[in-house]
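The block underneath contains the structure these notes are about, expressed in structure tokens.
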Amino acid sequence: MVLPGSMDYALAIFDSIQEPPPATYNILIRAFTMKQSPEMAILLYIKMRDNAVEPDKYTFSGILKACSRLRVLKEGEQIHAHISKMGFGFHGFVQNTLIHLYANCGKVDVARRVFDKMQERGVITWNSMFAGYSKRGSWGEVVKLFQEMLELNVEFDEVSLISVLTACGRVGNLELGEWISEYIETKGLVGNLNLITSLVDMYAKCGRVEEARRLFHKMPRRDVVAWSAMISGYNQAGRCREALDLFHEMQIGNVDPNEVTMVSVLSSCAVLGAFETGKWVHFFIKRKRMKITVTLGTALMDFYAKCGSIEDSLEVFHKMSSKNVLSWTVLIKGLASNGQGRRALDFFTQMRKKNIEPNDVTFIGVLSACSHAGLVDEGRRLFVSMSRDYGIEPRIEHYGCMVDILARAGFLEEAYQFVTNMPIERNAIIYRTLLASCRVHKSVEFGEKSLENIVKLEPTHSGDYILLSNIYASVGRWEDASRVRRQMKEKGIKKSPGCTLIEIDGAIHEFLAEHSAHPQSKEIYRAVENMMKRIKSVGYVPDVTEARLDAEEDDKEAAVSHHSEKLAIAFGLINTSPGTTIRISKNLRVCSDCHTATKLISKVYNREIIVRDRNRFHHFKGGSCSCNDYW
DNA sequence: TTAGGGTTAG
């Protein structure tokens, strides 16, 4: 049984025994479960009953484990009935395994019933229940149960703490997490590296990344899980460059990453728009023959989609052996943000045909597809359908999408009414969405109304004032435009600096507007100047609104040059040859001026330029752009 | 011959 390979020899011995006693069956049942053939374990149990061999207390924990592994609830329930009939229902080991079985088959409530009926609960009973709730993602229940455990003065152990710390991280319960941390310190449990890993995870997820890092560095040994926890910690804190740096360190440290590690690494590449790095990661995954799990496949898809490489994303999707609602959602959102709204909706239809239930996030993708493709009626229909046909109550994000659909298409009055009649509390983002469309459609009336509302909710956000100011400017009301800018200054509201990331040869460069910290800054500024001169000579007229107002405000001749995006493009032009694709991502929306300029740059310099702002893509090629945003 | 644990995607 303990030898690697098949069970043939063990079976031969078993067959040679005339009347095998229960213990022989038990050992074989356990062995088959261990050796990845739990089906055989179940057959053996049936044989045992057919041969009228009485199961004992050892039999049940073994056979239940086989059911648990196969997730066969029906068989498990039948065995549960045998257990009760034969009077083993109050045996501790059996009960613990029952909890495990039910929890593993998605019946946590039944598991809890077994738990509640138990007269004596050992620490393993509690831990099994923690594991059950964790599997379902009921992290709050884990914390609640642990607090019960403390009140009842039940002894817990390191395994309990690992589960509870994980839960603390998920629900952001730093207070309990720190209490456990101190407990670990005082009880001298720091030698348990799995325990420290869950501490690292807890601190990182509660936003205390520095503390996580400190613990991580103090660990005498770090396995792949510890590294993965820390990398994901950086990733989730939005510190994606540090996540990639740590991945590099991990490789130097000769620890083999697994598919879980790669998910966080890819997610970081996606956030940074690190296309070359991510492609290398994909290659690395192939070379290591890692299993493309649903999660890893979805992370890959998301990475490609967020780098504007939607066809690669589709290829991964088609090759995935199993897909879930997240995979479909990523695809729909990816197509939508890459300007292929129609195609996104086609995939939504396909998804429905395959009986995959969409969830709230899927609808965010579907609605944003409508807004990107200008499909107003389709959007209205889907918005109604989501609650009526799918029982999903729209959240603020869904209302935001709907406002975007209406307003972007020019139905400003209807959009404003829609916001006014919303049954849930409005936030600044809703009005900001409206305001952005007012800028495009030059509507002073609704622009003013929107800003009025925004200021009540979020008075210090600079972009809103700029938008209204630009609306005034776009209709020639320069006095009003300057007044808004003055108000902004008087209130001490500063423009948040534009920030653009560009990756050249695998290295990520960051540009902040009016920031000259880059080692090549002189060369880059010169390139911006040349660039602007050259596209002006072929007919580019800077957006009067931006240029004139910025010049007034900052007394600068070429106000256009202080956009971070232009710095990044110039840097890209310096470092690439004609015909290549330049990919950049920025933290703010692409403004109309940059948009027009980039179109021309793509033509004059013969580069394909892909710009990602927070949630959409602009594919510039040969002087045109794929998006519907500016016209 | 029996039971429980840490890292992952929209």
Side-chain angles (χ1 to χ4, degrees), chain A residues 1 21-31 33-34 56-65 68 88 91-101 103-104 122-132 134-135 142 156-167 169 192-202 204-205 216 222-233 235-236 257-267 270 293-303 305-306 323-334 337 358-365:
Chain A
M1 186 187 103
T24 345
Y25 284 91
N26 297 345
I27 291 169
L28 271 187
I29 286 174
R30 196 163 303 282
T33 310
M34 234 169 56
D56 61 16
K57 55 182 183 179
Y58 295 111
T59 314
F60 292 114
S61 50
I63 192 64
L64 287 174
K65 208 172 186 181
S68 179
F88 289 107
H91 192 275
F93 275 85
V94 176
Q95 288 168 315
N96 290 340
T97 325
L98 273 172
I99 291 175
H100 185 83
L101 166 80
N104 211 28
V123 62
I124 290 179
T125 315
W126 290 83
N127 291 349
S128 301
M129 206 56 233
F130 288 143
S134 302
K135 194 149 277 161
V142 175
F156 51 84
D157 66 5
E158 293 162 55
V159 178
S160 330
L161 294 182
I162 286 172
S163 294
V164 178
L165 279 173
T166 308
N192 183 337
L193 294 184
N194 290 357
L195 187 54
I196 303 304
T197 299
S198 48
L199 254 185
V200 168
D201 176 58
M202 182 279 294
K205 285 207 171 63
F216 177 77
R222 305 174 194 100
D223 65 2
V224 57
V225 181
W227 282 97
S228 304
M230 195 61 231
I231 291 172
S232 101
N235 175 238
Q236 286 170 0
N258 62 15
E259 67 266 14
V260 179
T261 326
M262 302 324 271
V263 170
S264 298
V265 171
L266 280 167
S267 170
T293 56
V294 197
T295 315
L296 181 56
T298 308
L300 261 171
M301 286 174 57
D302 191 44
F303 155 71
K306 287 211 172 115
K323 307 170 181 92
N324 62 14
V325 59
L326 268 95
S327 329
W328 286 88
T329 303
V330 165
L331 184 63
I332 290 168
K333 287 182 89 160
S337 60
N359 62 23
D360 51 340
V361 188
T362 316
F363 273 98
I364 292 177

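Below, chain A is the first sequence line, B the second, and so on; all start at residue 1. All values derive from a computational prediction rather than experimental measurement. Computed from heavy atoms alone, side chains included, the values below leave out hydrogens, waters and symmetry copies.
Residue A:Asn258 has its side chain nearest to B:dT7 when only B:dT1, B:dG4, B:dT7 are considered. Which of B:dT8, B:dA3, B:dT1 sits closest to the side chain of A:Thr295 comes down to B:dT8. The side chain of A:Val263 approaches B:dA9 more closely than any other nucleotide in the set B:dT7, B:dG5, B:dA9. The side chain of A:Leu326 lies closest to B:dA9 when the candidates are B:dA9, B:dG5, B:dG6. Considering only the side chain of A:Ser163, B:dG5 comes nearest among B:dA9, B:dA3, B:dG5. When distances are taken from the side chain of A:Asp56 to each of B:dT1, B:dG4, B:dA9, the shortest belongs to B:dT1. Looking at the side chain of A:Asn192, the nearest of the listed nucleotides B:dT1, B:dG5, B:dA9 is B:dG5.
An OP1 or OP2 oxygen of B:dT8 is reached within less than 4.0 angstrom by a side-chain nitrogen or oxygen of A:Lys205. The phosphate of B:dT8 (OP1 or OP2) has a side-chain N or O of A:Gln236 nearer than 4.0 angstrom. The phosphate of B:dT2 has neither OP1 nor OP2 within less than 4.0 Å of any side-chain N or O from A:Lys65. The side chain of A:Ser232 contributes an N or O atom lying less than 4.0 Å from OP1 or OP2 of B:dT8. Residue A:Arg222 has no polar side-chain atom (N or O) positioned under 4.0 Å from OP1 or OP2 of B:dG6.
Ring-plane geometry between A:His91 and A:Phe88 is classed as perpendicular, the angle between the planes exceeding 60 degrees on a 0 to 90 degree scale with a lower cut at 30. Classified by interplanar angle (parallel below 30°, tilted 30° to 60°, perpendicular above 60°), the ring pair A:Trp227/A:Phe216 is perpendicular.
A:Val330 comes within 4.0 angstrom of the backbone, heavy atoms only, and of no base. Within the 4.0 angstrom heavy-atom criterion, no nucleotide atom of any strand lies near A:Asn104. Within the nucleic acid shown, A:Asp201 comes within 4.0 Å of sugar-phosphate atoms alone, with no base atom in reach, counting heavy atoms only. Counting any heavy atom pair closer than 4.0 Å across all strands shown, A:Asp223 reaches a base atom. Among the protein residues, A:Thr166 comes within range of the sugar-phosphate backbone only, with heavy atoms under 4.0 Å from sugar or phosphate atoms but none that close to a base.
Not a single donor-acceptor pair under 3.5 Å links the side chain of A:Ser68 to the backbone N or O of A:Leu64.
The base of B:dG6 has none of its N or O atoms less than 3.5 Å from a complementary donor or acceptor on the side chain of A:Ser198.
A:Asp157 pairs by the side chain to side chain donor-acceptor pair (under 3.5 Å) definition with A:Asn127, A:Ser160, not counting sequence neighbours.
An aromatic stacking contact links A:Phe93 with the base of B:dT2, defined here by ring centres under 5.5 Å apart and ring planes under 30° from parallel.
Taking 4.5 Å as the limit, some side-chain heavy atom of A:Val325 sits within range of a side-chain heavy atom of A:Thr329.
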